[in-house]
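Reading through the structure tokens given below for one structure.
Every chain is numbered from 1, with letters handed out A, B, ... down the list of sequences.
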Amino acid sequence: MLDIKLIRQNPDYVKERLATRDKAYSIMIDELLAVDNERRNIISEVEKLKSEKNKLSKEIGKLFKEGKREEAEKYKEEVNIKNKKIEKLEKELKEVEARFKDILLRIPNIPHPSVPIGEDENDNVEIRKWGEPRKFDFEPLPHWEIGEKLGILDFERGAKLSGSRFTVMFREAARLERALINFMLDIHTKENGYTEVWTPVLVKPEILMGTGQLPKFEEDLYKVCEEDLYLIPTAEVSLTNLHAGEILKEEELPKYYTAYTPCFRREAGSHGKDVRGILRQHQFDKVELVKIVKPENSYEELEKLVRDAEKILQLLELPYRVVELCTGDLGFSASKTYDIEVWIPSQNRYREISSCSNTEDFQARRAKIRYKDKQTGKNILVHTLNGSGLAVGRTLLAIMENYQRKDGGFDIPKVLEKYM
RNA sequence: GGAGAGGUGGCCGAGCGGUCGAAGGCGGCUCCCUGCUAAGGAGUUGAGCGGUUUACCCCGCUCCGAGGGUUCGAAUCCCUCCCUCUCCGCCA
């Protein structure tokens, strides 16, 4: 959520910056400002009436003590009239406030000035590459063929149990999945300084509001209707919201969290994309990294976060590249995002395996995560960052493809041997 | 699921329907005392919104789990819901 004060004071700046994502936001800003104006007018009026009412009520109390009954009765009449006016205005206010919030909650974050301007993923900028894609002396197979031949990836039974985009894994695949989770968590906790966390994967709507998935992206989420809970699409949701509504002590920052969780995404609107294999599933495992930091060093923290995620690929010896997303490809809550893309031999290209973002105070404002500044005593919104470290299913698929052998099998990266 | 108890500020905890944004304690901050540390003394210390302002200050409104209701007036009374704790039942 953007700061309404910023929008009020500098609407043109906000419009200009948001236009780098999509021109349509300019209209939303105008709408928002109109509603905000209306809202503030009503608030002033209501508050004036309430102030008068409070004064009269106190007066009545005093008169009762003094035994001046009749006089008090006269005042009561007056307050009743005010109450009727207040009631009417508050009804209006409630409606206007709802409209106000609805618009504000659907406006995305402002891209950081360093983010390249562009329309879509074609305008993303490659930052660096690591590793050399392997030269095969045979035609590399896609992971689903390798997996099916070995009988360790079972798409038919996945579909039988749950429908399309669900997979069953047997033996080595299942064990590799588990090994990767442990490996990633070990690196992040023992070498990168993150605190391991285990969280619920069913969360309340207001939690998803906090990180920005709701209200705009409801169709991407699985909902448990009976309980008004949602399955998380990423552990970013549960980790970031750990401190929702809290005022942290300055010395508590920064906080580094990592968690393994399954993630659930309906993938609405991606019909026909990546239908084969396990690249795009409704349920997948991910080890997530979340940082809660002070505003002044959040961009340094972002660089470090990306390196922490990259380290996993380096240890697994999987070639990858890092790209900086352009304004048009940025996610809703992000101010700046680096994607890490792993080399996929069967597609002869890099595919996303991690997305690392600084949301600045966008999520913090929604989730009300602040810290008390020691010097000034002021409560300041923190900056929140998140990144995959990494998507486990995609890592598994990358290993199967990059480490495949001519005989149809595949090797296990050295660092994973002790985990298998 | 059943029975009971309870949800108050960063934390603990008190609170007759008006004088309560809320006693007291802890913690935090400032100052004093002290060779240093420890201890002690004094003061100060909630959040959000709106107005005003460069900012500070100031003024107003709201907030005592959530939402309704009674009342001129609710932390205090009534209703509904949520959560926590204790006991019982069930269960991975």
Side-chain angles (χ1 to χ4, degrees), chain A residues 1-10 13 32-105 198-207 209-210 224-230 241-253 255 262 292 361 364-382:
Chain A
M1 184 163 74
L2 297 180
D3 185 359
I4 182 63
K5 284 181 194 139
L6 172 73
I7 301 176
R8 246 183 240 149
Q9 283 164 7
N10 219 333
Y13 165 76
L32 182 71
L33 286 172
V35 177
D36 179 47
N37 223 17
E38 204 181 329
R39 173 178 155 263
R40 283 188 294 162
N41 285 338
I42 300 175
I43 288 174
S44 311
E45 232 177 302
V46 171
E47 288 189 351
K48 201 178 125 216
L49 283 167
K50 281 191 177 172
S51 172
E52 292 164 5
K53 168 193 163 174
N54 289 343
K55 272 191 203 124
L56 284 176
S57 286
K58 271 186 195 155
E59 199 58 37
I60 291 172
K62 218 184 282 172
L63 289 173
F64 263 107
K65 279 236 167 98
E66 294 166 8
K68 297 177 182 166
R69 291 269 158 146
E70 306 90 87
E71 245 180 288
E73 290 304 323
K74 262 195 288 180
Y75 278 134
K76 277 193 195 182
E77 284 296 306
E78 239 182 284
V79 175
N80 277 329
I81 292 166
K82 289 198 189 297
N83 272 340
K84 280 202 186 105
K85 284 188 195 165
I86 291 169
E87 201 181 337
K88 182 165 159 276
L89 281 172
E90 287 207 311
K91 229 172 127 186
E92 276 177 55
L93 182 62
K94 212 172 168 182
E95 187 268 330
V96 172
E97 202 86 53
R99 268 196 290 153
F100 174 75
K101 271 208 153 153
D102 188 65
I103 300 171
L104 188 57
L105 286 171
W198 186 93
T199 74
V201 297
L202 281 168
V203 299
K204 298 175 185 174
E206 60 263 36
I207 296 304
M209 200 77 80
V224 181
C225 299
E226 294 72 19
E227 303 282 349
D228 201 22
L229 292 171
Y230 293 80
N241 280 291
L242 285 176
H243 298 289
E246 296 183 14
I247 300 172
L248 300 164
K249 290 193 181 114
E250 186 172 348
E251 55 269 30
E252 284 181 79
L253 298 177
K255 285 185 179 291
I292 297 176
D361 63 10
R365 185 171 292 107
R366 290 175 161 240
K368 299 186 180 66
I369 312 173
R370 291 156 295 173
Y371 77 94
K372 191 169 282 291
D373 184 271
K374 273 232 154 153
Q375 288 234 302
T376 62
K378 292 244 184 266
N379 297 326
I380 297 172
L381 291 166
V382 299

Assign each of A:Y75 and A:K378 the nucleotide of RNA chain B bearing its closest heavy atom; nearer the 5' end lies the nucleotide of A:K378

A:K55 or A:K76: which one's nearest nucleotide on RNA chain B is closer to the 5' end?
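Result of the comparison: A:K55.
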
- Spacing of A:E52 atom CD and A:S57 atom OG [to the nearest 0.5 Å]: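 Between atom CD of A:E52 and atom OG of A:S57 there are 12.0 Å.
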
Quick one: CG on A:D36 to CZ on A:R8, what's the gap to the nearest 0.5 Å?
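If we round to the nearest 0.5 Å, A:D36:CG and A:R8:CZ are 4.0 Å apart.
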
Could you tell me whether [X] contacts a base, only the sugar-phosphate backbone, or nothing, with contacts defined as non-hydrogen atoms closer than 4.0 Å?
X      : answer
A:R365 : nothing
A:K368 : nothing
A:K374 : sugar-phosphate
A:K84  : nothing
A:L56  : nothing
A:K50  : sugar-phosphate

Given [options], identify the nucleotide with an atom nearest to the side chain of [X].
X      : options                : value
A:F64  : B:rG18, B:rC49, B:rG48 : B:rG18
A:S51  : B:rC61, B:rC56, B:rG18 : B:rC61
A:K372 : B:rG46, B:rG18, B:rG68 : B:rG46
A:S44  : B:rG50, B:rC61, B:rC72 : B:rG50
A:I247 : B:rA47, B:rG50, B:rG68 : B:rA47
A:N54  : B:rU62, B:rG50, B:rA47 : B:rU62
A:K94  : B:rG68, B:rC72, B:rG60 : B:rG68
A:N83  : B:rG73, B:rG50, B:rC56 : B:rG73

Round to a whole Å and report the spacing from [atom1] of [X] to [atom2] of [N].
X      : N      : atom1 : atom2 : answer
A:I86  : B:rC72 : CD1   : C1'   : 11 Å
A:L381 : B:rA47 : CG    : P     : 13 Å
A:N379 : B:rG48 : CG    : C1'   : 11 Å
A:E246 : B:rG9  : CD    : C1'   : 15 Å
A:E90  : B:rG68 : CD    : C1'   : 14 Å
A:I369 : B:rG10 : CD1   : P     : 16 Å
A:K249 : B:rC29 : NZ    : P     : 10 Å
A:N80  : B:rU70 : CG    : P     : 11 Å

With rounding to the closest Å, how many angstrom separate the [atom1] atoms on [N] and [M]?
N      : M      : atom1 : value
B:rG40 : B:rG25 : P     : 13 Å
B:rC29 : B:rA47 : P     : 16 Å
B:rC11 : B:rG68 : C1'   : 31 Å
B:rG21 : B:rC61 : C1'   : 13 Å
B:rC77 : B:rC16 : C1'   : 13 Å
B:rU62 : B:rG6  : C1'   : 26 Å
B:rA22 : B:rC78 : P     : 25 Å
B:rC82 : B:rG27 : P     : 39 Å

Determine which nucleotide pairs with [N], using a 3.5 Å limit on both distances of a Watson-Crick or G-U wobble pair.
N      : answer
B:rU44 : B:rG28
B:rA38 : none
B:rC58 : B:rG51
B:rA3  : B:rU86
B:rA22 : none
B:rG73 : none
B:rU80 : B:rA66
B:rC33 : none

Strictly below 4.0 Å, N to O, side chains only: are [X] and [Y] in salt-bridge contact?
X     : Y     : answer
A:R99 : A:E95 : yes
A:E73 : A:K76 : yes
A:E45 : A:K85 : no

When you measure from the side-chain N and O atoms of A:R370 to the phosphate of B:rG48, is any distance below 4.0 Å, counting only OP1 and OP2?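 Checking B:rG48 against A:R370, a side-chain N or O does come within under 4.0 Å of OP1 or OP2.
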
Taking 4.0 Å as the cut-off, does a side-chain nitrogen or oxygen of A:R40 come that near to OP1 or OP2 on B:rC61?
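It does not, given that no N or O in the side chain of A:R40 lies less than 4.0 Å from OP1 or OP2 of B:rC61.
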
State whether the number of non-hydrogen atoms from other residues, nucleotides or ligands found under 6.0 Å of [X] atom [atom1] is greater than 12.
X      : atom1 : value
A:E87  : CD    : no
A:K82  : NZ    : yes
A:K368 : NZ    : no

| query | Where do A:E90 and A:K50 land on the side chain to side chain contact (heavy atoms under 4.5 Å, CB included) test, with the steps shown first? | reply | CA-CA 11 Å; A:E90 287 207 311; A:K50 281 191 177 172; 2.8 Å; yes

